[in-house]
Number of protein chains: 2
Amino acid sequence: MATATADAYELIYWPGIPGRGEHVRLALEEGGAAYRDTARTGTGMREVGAQIADDNLGDDANAPPFAPPVLRHGDALLWQTPAILAYLGPRLGLAPEAASAGAARVAALAMTALDGLSDEVHDCHHPIATGLYYEDQKEESLRKSKDFVANRLPKFLGYFERVLQGKASGDGPWLYGGRLTYADLVLFQCLDGTKFMFRKAMQWAEKSGKYAHVFELYDAVKARPRIKEYLASDRRQGYSMGIYRYYPELDVGEEM
Amino acid sequence: MATATADAYELIYWPGIPGRGEHVRLALEEGGAAYRDTARTGTGMREVGAQIADDNLGDDANAPPFAPPVLRHGDALLWQTPAILAYLGPRLGLAPEAASAGAARVAALAMTALDGLSDEVHDCHHPIATGLYYEDQKEESLRKSKDFVANRLPKFLGYFERVLQGKASGDGPWLYGGRLTYADLVLFQCLDGTKFMFRKAMQWAEKSGKYAHVFELYDAVKARPRIKEYLASDRRQGYSMGIYRYYPELDVGEEM
């Protein structure tokens, strides 16, 4: 939703990649919230740059953000994807009441998806140094990608399959309590990006039938009316040189 | 505090290392909470193992935890360090009210310390695969450690120095709002572990005077009466083969 109002949210994130900002976007879209997205303003690079500048000391209430995504809501300037989602969750009807055990459970599920299927996937093309190019760490990237596909990917997919088979997930395709939460949106986006980067391994994983509930969740999120409309719109950016990248030589898949 | 009561917390974590469990321990100790610690029961390995077993589907309310630390509180079984801390924070007087912007800010500060000075430090001795021994990835570890000390460590220390210089940190040595929060405890533990692993670099960083507020916070946490008593007790475990390890060949420090 593109209309800005006085109470609207503002997402400050790099233009040109879905990145970590995409988790915030999906929550705002599914929650039907009005938001301004700096990735679409033409001033995104400058706005992100100002937030993370080495001389930014923040303001009276807000510490300087370490990195985007940054979410502005009224006077609050929040950062760190899981912290933003924990803030948005109850406000958008995408998580149980804050401070409850349920809120902590949803947070933990989202954090586990981010750890395993976002951070670790990113590190597959940057295992040595985020400040170096991929081309400067290709050999190590291949070694890490092989380990990820053989060991880590089945571990994380198997974990979420178990969560979905467990009683706490409730009825239906969702991770927790029989209703859609932001953890489902996070897992969807992590799976979508991993499908883009590790095509062979993810095709194999889907065909194997071992993670049937995981791929059902993926499809169920994709079919949500607001998500479907969003994914088909020009607000959804394609993958390029962010977390999820397609390097044919890293697309190892036979070992899984 | 070792006394268990009906409402007591139970920390389920590996014995023998401080690890990620230490962040939960420090919060419980500073908050004066009663808790049982499986690391001290003699059954810790078995209790952790049962939680993360491949056939654990959780219970009616709780998904199976992905990894320890796990915190039991009544019927709730919570995991993921930042999710546990967000749950404990308001309950122990170590964070603003849940769902507030302040709670999200404290969470983001803690997550940033964990990302940079715990996860990245761990990856310095396991850059390729957590399932392999350090000895199987020594060359890559040295390369990553050099980059960490030259680029990442100054970035994170500099960031927290800026936070502490900013107005939102309030008066006194703390990161947010002029009062101790769990983010301070997390940063303390991350600094303490990094000092253990990267001795030369951290000595250089302290002597340089560039991060004076960061090291003042470290000392201020260490001087809190309950923390001081805890650190001197046998409840505090020494570093060994966990996140923070001392390998002389990785203790690179001159480049910083």
Side-chain angles (χ1 to χ4, degrees), chain A residues 54-67 73-76 78-80 82-84 86-87 90-91 97-99 101-105 107-109 111-112 115-116 119 123 127-132 140 143-144 147-148 151-152 156 158-159 162-163 165-169 175-176, chain B residues 54-67 73-76 78-80 82-84 86-87 90-91 97-99 101 103-105 107-109 111-112 115-116 119 123 127-132 137 140 143-144 147-148 151-152 156 158-159 162-163 165-169 175-176:
Chain A
D54 276 348
D55 60 356
N56 179 22
L57 297 179
D59 61 31
D60 286 0
N62 298 287
F66 179 75
H73 187 217
D75 293 335
L78 309 176
W79 85 106
Q80 275 278 5
I84 294 172
Y87 178 86
R91 286 172 172 79
E97 191 191 350
R105 293 179 189 119
L109 290 164
M111 288 170 190
T112 303
D115 284 353
D119 292 354
D123 290 353
I128 300 298
T130 53
L132 290 177
E140 297 93 338
R143 206 176 161 208
K144 191 170 183 86
D147 177 75
F148 178 80
N151 298 306
R152 303 297 286 172
F156 283 99
Y159 170 72
R162 266 198 289 135
V163 170
Q165 287 173 10
K167 286 193 178 167
S169 68
L175 287 167
Y176 181 69
Chain B
D54 276 347
D55 60 356
N56 179 22
L57 296 179
D59 61 30
D60 286 0
N62 298 288
F66 179 76
H73 187 218
D75 293 335
L78 310 175
W79 84 105
Q80 275 279 5
I84 294 173
Y87 178 87
R91 286 172 172 79
E97 191 190 351
R105 292 178 189 121
L109 290 163
M111 288 169 189
T112 303
D115 283 352
D119 293 354
D123 290 353
I128 300 298
T130 53
L132 290 176
Q137 46 197 315
E140 296 94 337
R143 205 175 161 210
K144 192 171 183 82
D147 179 73
F148 179 80
N151 298 306
R152 302 297 286 171
F156 283 99
Y159 170 72
R162 264 196 291 134
V163 170
Q165 287 173 12
K167 285 193 179 167
S169 69
L175 286 166
Y176 181 69

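So that the names make sense, note that chain A is the first sequence line, chain B the second, and so on, each numbered from 1.
Using a 4.5 Å cut-off between heavy atoms, B/E97 does not touch chain A at all. If you measure heavy-atom distances from A/P82 to chain B, the contacts under 4.5 Å come from both the backbone and the side chain. A/A86 does not touch chain B: none of its heavy atoms, backbone or side chain, sits under 4.5 Å away. Using a 4.5 Å cut-off between heavy atoms, A/D54 contacts chain B through both its backbone and its side chain. Neither the backbone nor the side chain of B/S169 comes within contact range of chain A; no heavy atoms are under 4.5 Å apart.
Most heavy-atom pairs under 4.5 Å with chain A: of the set B/D119, B/N151, B/N62, B/T130, this distinction falls to B/N62. Heavy-atom pairs under 4.5 Å with chain A peak, among B/A129, B/A108, B/G166, at B/A108. Among A/D59, A/D115, A/I128, the residue with the largest count of heavy-atom pairs under 4.5 Å with chain B is A/I128. Among A/L78, A/D147, A/V163, A/D60, the residue making the largest number of heavy-atom pairs under 4.5 Å with chain B is A/D60. Most heavy-atom pairs under 4.5 Å with chain B, from the set A/I84, A/L109, A/D123: that is A/L109. When each of A/M111, A/Q165, A/K167 is scored by its heavy-atom pairs under 4.5 Å with chain B, the top score falls to A/M111. Of the residues considered (A/A76, A/A98, A/A99), A/A99 shows the highest number of contacts with chain B, using heavy-atom pairs under 4.5 Å. Ranked by heavy-atom pairs under 4.5 Å with chain A, the first of B/W79, B/Y176, B/F148, B/F156 is B/W79. Note: A/A104 leads A/A104, A/A107, A/G102 in heavy-atom pairs under 4.5 Å with chain B.
Rounded to the nearest 0.5 angstrom, A/K144 NZ and B/Q137 CD are separated by 8.0 Å.
With A/Y87 as the aromatic partner, A/R91 meets the cation-pi criteria of under 6.0 angstrom to the ring centre and within 45 degrees of the ring axis.
The shortest side-chain heavy-atom distance between A/P127 and B/E140 does not fall under the 4.5 Å cut-off.
A search for salt bridge (Lys or Arg N to Asp or Glu O under 4.0 Å) contacts involving A/R162 returns nothing, not counting sequence neighbours.
Counting all heavy atoms, side chain and backbone alike, A/R105 lies closest to B/D75 at NH2-O, 4.3 Å.
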